[in-house]
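The analysis underlying the following values was restricted to heavy atoms, covering all of them including side chains, and did not include hydrogens, waters or symmetry mates. By convention in this document, chain letters (A, B, ...) are assigned in the order of the sequence lines, proteins followed by strands, and residues within each chain are numbered from 1.
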Amino acid sequence: MLQVSYIRDNREQVLERLAVKNFKQVGLVDDIIVLDSQRRALQISSEELQSKANASAKQIGELMRTGKKDEADALKGQTGAWKEDIKKLTEDLAAVDEELQQKLVLLPNLPHASVPKGITPEENEVVLEHGNKPTLPENALPHWELAAKYDLIDFELGVKITGAGFPVYKGKGAKLQRALIAYFLDEAEKAGYAEVMLPLLINEASGFGTGQLPDKEGQMYYVGMDNLFLIPTAEVPITNLYRDVILKGEELPVMNCGYTPCFRREAGSYGAHVRGLNRLHQFDKVEIVQVVHPDKSYDVLETMSTHVQSLLQNLGLAYRVLRLCGGDMGFGSALTYDMETWSAAQQRWLEVSSVSNFETFQSNRLKLRFRNAEGKTQLAHTLNGSALALPRIVATLLENNQTADGIRIPEVLVPYTKFEWIS
RNA sequence: GGAGAGGUGUCUGAGUGGUCGAAAGAGCACGCCUGGAAAGUGUGUAUACGCCAAAAGUGUAUCGAGGGUUCGAAUCCCUCCCUCUCCGCCA
């Protein structure tokens with residue numbers, strides 16, 4: 001959520017930045033500015049009246065104590081009359097403020113200056129490509145066939161138990177999941193992230209804090225009986241750890257990592273591109289989150305990007321890094337890098353990580369602040385990234401490492417899997 | 001799920017209608033004291049929004065949340081949420 005004071009003082013800039021995100025509701029921004037000035041006008045008049053009433057009440061108390069009951073009664077009448085006005089003004093104020101808030105949450109975050117203009121994923125900027133795309137043997141198989149061939153993943157069983165998009169991992173397939181999770185967590189810990197294990201259900205306040213609510217509830221599974229949502233990413237519970245918190249300056253940066261399953265409804269996405277592990281309703285992911293000083297957030301974004309890339313390099317996967325264009329970016333992000341690995345059997349790039357700087361977009365909603373050098377509270381910047389999401393990593397590992405004799409496990413994973421080959 | 005108790009500032013904890021944004025203590029910060037430290041001692045120590053060019057200052061709100069009574073509510077009433085204890089159930 002943007003800060004009203006910023007919108008008020010930087011209308012042109014806000015509109016210009018929003019245009020990069022392909023957001024063109026100029027009217028909304030102007031509505032916000034009008035509502036804000038209405039809000040302040042109402043606040044001034046209601047507070048003036050309240051101030052008078054408070055003084056009067058104090059005076060009545062004084063008169064009562066000194067036994068001047070008549071004078072007190074006279075004052076009571078007058079003060080009582082103000083009460084109606086105060087009530088009216090306060091209600092108006094609340095109504096205007098409510099409307100302001102409702103409009104405010106509709107504005108996406110402003111993109112960073114380096115974000116390319118564009119609407120479709122094709123307009124994302126390729127920042128770098130790393131590693132050679134492997135050439136596969138003649139009869140190479142896509143991962144879903146490999147998974148069946150070696151009995152690693154059973155998609156049909158998952159359908160029986162839950163539905164499409166909920167795979168059952170078996171044998172070495174299951175162990176590979178566990179190995180990847182442990183490996184990613186260990187690497188994150190080495191990089192300075194403190195591990196947390198989290199609730200998988202979140203309440204509305206948490207969903208609001210990180211930007212999933214309002215409006216994006218359709219992407220989450222909802223447990224109506226208790227008004228809770230299944231997490232779409234560990235970002236939500238981890239970042240919300242710091243909701244309503246004022247950190248000491250020296251506590252920054254806060255670095256956390258966590259493994260959770262993630263649940264996404266992904267309504268309406270079916271077809272060849274979502275086959276196998278390409279898109280699931282439940283998947284595993286290790287997330288990294290940082291809460292940092294605003295001056296540091298873009299350096300930290302690079303650090304996080306580097307961390308993710310090092311994982312991909314260690315796994316021996318060819319990948320590329322994209323700087324997302326305005327239209328393809330998330331609602332709350334100011335700058336996002338997507339990491340994609342090359343799926344050799346499918347001959348296409350698969351997104352395996354997304355690393356974003358939210359600047360103060362989330363912290364404003366979360367009321368996540370720190371005490372700055374002047375001793376004042378200031379909104380911190382939040383960042384998060386997948387490090388990494390498992391399914392597409394598994395997909396590319398299976399496909400790219402397939403040989404006539406079986407599938408080779410990357411060296412770094414062997415201590416975790418305790419086996420070198422799937423055959 | 002049943003019964004009871006309770007939610008006050010960073011913490012402990014006082015406060016049952018007016019002088020309460022809130023006693024006291026602890027903690028923390030800065031100073032004094034000290035060769036240095038401890039002890040002692042002094043001062044300070046919530047947040048948000050508004051007014052002001054800004055600092056200073058100042059107004060309003062906030063004692064779990066929302067509503068009500070009253071000239072005036074941390075204090076009285078109602079609703080909700082949460083925590084704790086005991087019992088029950090249970091991985």
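- Looking at K248(A) and E250(A), no side-chain N of the basic residue comes within less than 4.0 Å of a carboxylate O on the acidic one, giving no salt bridge.
- Using a 4.0 Å heavy-atom cutoff across all strands shown, I44(A) reaches sugar-phosphate atoms only and no base atom.
- As rounded to whole Å, 10 Å separates atom P of C82(B) from atom CG of L228(A).
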Practice task
Determine, stepwise, if the pair Y193(A) / M304(A) fulfils side-chain contact (heavy atoms from CB on, under 4.5 Å).
Solution key: CA-CA 11 Å; Y193(A) 296 89; M304(A) 290 172 77; 3.4 Å; yes
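- If you run side chain to side chain contact (heavy atoms under 4.5 Å, CB included) between H143(A) and each of N400(A), V394(A), N278(A), I153(A), only N278(A) comes through.
- No contact: S46(A) has no heavy atom under 4.0 Å from any strand.
- Of the charged side-chain nitrogens involved, none lies within less than 4.0 Å of a carboxylate oxygen, so that K190(A) and D186(A) do not count as a salt-bridged pair.
- If you take atom C1' in U58(B) and the same atom in G68(B), they sit 31 Å apart, rounded to whole Å.
- N372(A) places a side-chain N or O within 3.5 Å of a backbone atom of K376(A) that can act as its donor or acceptor partner.
- Residue Q78(A) places no side-chain N or O under 4.0 Å from the OP1 or OP2 atom of C71(B).
- Phosphate contact (OP1/OP2 of U47(B), side-chain N/O of R369(A), threshold under 4.0 Å): absent.
- Using the Watson-Crick or G-U wobble rule with both distances under 3.5 Å, A23(B) pairs with nothing in any strand shown.
- For L379(A) and C49(B), the CG to C1' distance is 14 Å, given to the nearest whole Å.
- As judged by a 4.0 angstrom heavy-atom cut-off over every strand, K83(A) is placed among the base-contacting residues.
- Mapping G80(A) and E62(A) onto RNA chain B via the closest heavy atom, the residue that lands nearer the 5' end is E62(A).
- Of the residues D284(A), L280(A), V352(A), the one that meets the side chain to side chain contact (heavy atoms under 4.5 Å, CB included) test with L390(A) is D284(A).
- Taking atom P on both G2(B) and C80(B), the two are 14 Å apart, rounded to the nearest angstrom.
- Distance, K248(A) NZ to U47(B) P: 14 Å, rounded to whole Å.
- Nucleotide G66(B) forms a Watson-Crick or G-U wobble pair with C78(B), both donor-acceptor distances falling under 3.5 Å.
- Both distances falling under 3.5 Å, in either a Watson-Crick or a G-U wobble arrangement, occur for no nucleotide opposite G72(B).
- For the OP1/OP2 pair of U60(B) and a distance below 4.0 Å, the side-chain nitrogens and oxygens of N54(A) include at least one atom meeting the criterion.
- Among the protein residues, Q43(A) comes within range of the nucleic acid bases, having at least one heavy atom under 4.0 Å from a base atom.
- When Watson-Crick and G-U wobble pairs are counted only if both distances are under 3.5 Å, C51(B) pairs with G57(B).
- Following rounding to the nearest Å, I246(A) (CD1) and U10(B) (P) show an atom-to-atom distance of 8 Å.
- Listed candidates were C49(B), A46(B), G18(B). Nearest to the side chain of E47(A) is C49(B).
- Between S56(A) and the phosphate of G72(B), there is no side-chain N or O to OP1/OP2 separation shorter than 4.0 Å.
- With a 3.5 Å ceiling on both atom-pair distances, G9(B) lacks any Watson-Crick or G-U wobble partner.
- Going from the C1' atom of A73(B) to that of G18(B) covers 10 Å, rounded to whole Å.
- Here S51(A) lies in heavy-atom contact (under 4.0 Å) with sugar-phosphate atoms only.
- Side chain of K21(A) to main chain of F331(A): a donor-acceptor pair is present (N/O by atom type, distance under 3.5 Å, no hydrogens or angles).
- Looking at W144(A) and Q346(A), their side chains come closer than 4.5 Å, going by heavy atoms from C-beta outward.
- In the set G18(B), A46(B), A61(B), G18(B) carries the atom at the smallest distance from any side-chain atom of M64(A).
- Heavy-atom distances to RNA chain B give each of I60(A) and R371(A) a nearest nucleotide, and the one nearer the 5′ end belongs to R371(A).
- Nucleotides A39(B) and A55(B) place their C1' atoms 39 Å apart, quoted to the nearest Å.
- Of the side-chain N and O atoms in R8(A), none sit less than 4.0 angstrom from OP1 or OP2 of C49(B).
- At a threshold of 4.0 Å, the pair D36(A)-R39(A) counts as salt-bridged, since one of the basic side-chain nitrogens sits closer than that to a carboxylate oxygen.
- The shortest distance between the side-chain N/O atoms of R39(A) and the OP1/OP2 oxygens of U60(B) is not below 4.0 Å.
- Pairing of C86(B), defined by two Watson-Crick or G-U wobble distances under 3.5 Å, is identified with G2(B).
- U62(B) and G21(B): their C1' atoms are spaced 9 Å apart (whole Å).
- Here C49(B) presents its C1' atom at 15 Å from CD of E48(A), a figure rounded to the nearest Å.
- Base pairing annotation: A29(B) forms a Watson-Crick or G-U wobble pair with U43(B), both donor-acceptor distances under 3.5 Å.
- Checking A48(B), G68(B), C51(B) against the side-chain heavy atoms of R40(A) singles out C51(B) as nearest.
- Distance NZ (K76(A)) to P (G18(B)): 14 Å, rounded to an integer number of Å.
- Atom P of G9(B) sits at a distance of 27 Å from the matching atom of G4(B), rounded to the whole Å.
- Pair assignment for U16(B) gives none, since no Watson-Crick or G-U wobble pairing has each distance under 3.5 Å.
- If you check A61(B), A46(B), G18(B) against the side chain of Q50(A), the one that comes closest is A61(B).
- With both ends at atom P, the span from A74(B) to G57(B) equals 25 Å, rounded to whole Å.
- Between G17(B) and A22(B), the two C1' atoms lie 15 Å apart (nearest whole Å).
- Summarising the geometry, the separation between CD on E84(A) and C1' on C71(B) is reported as 14 Å, rounded to the nearest angstrom.
- Summarising the geometry, the separation between CD on Q101(A) and C1' on A48(B) is reported as 12 Å, rounded to the nearest angstrom.
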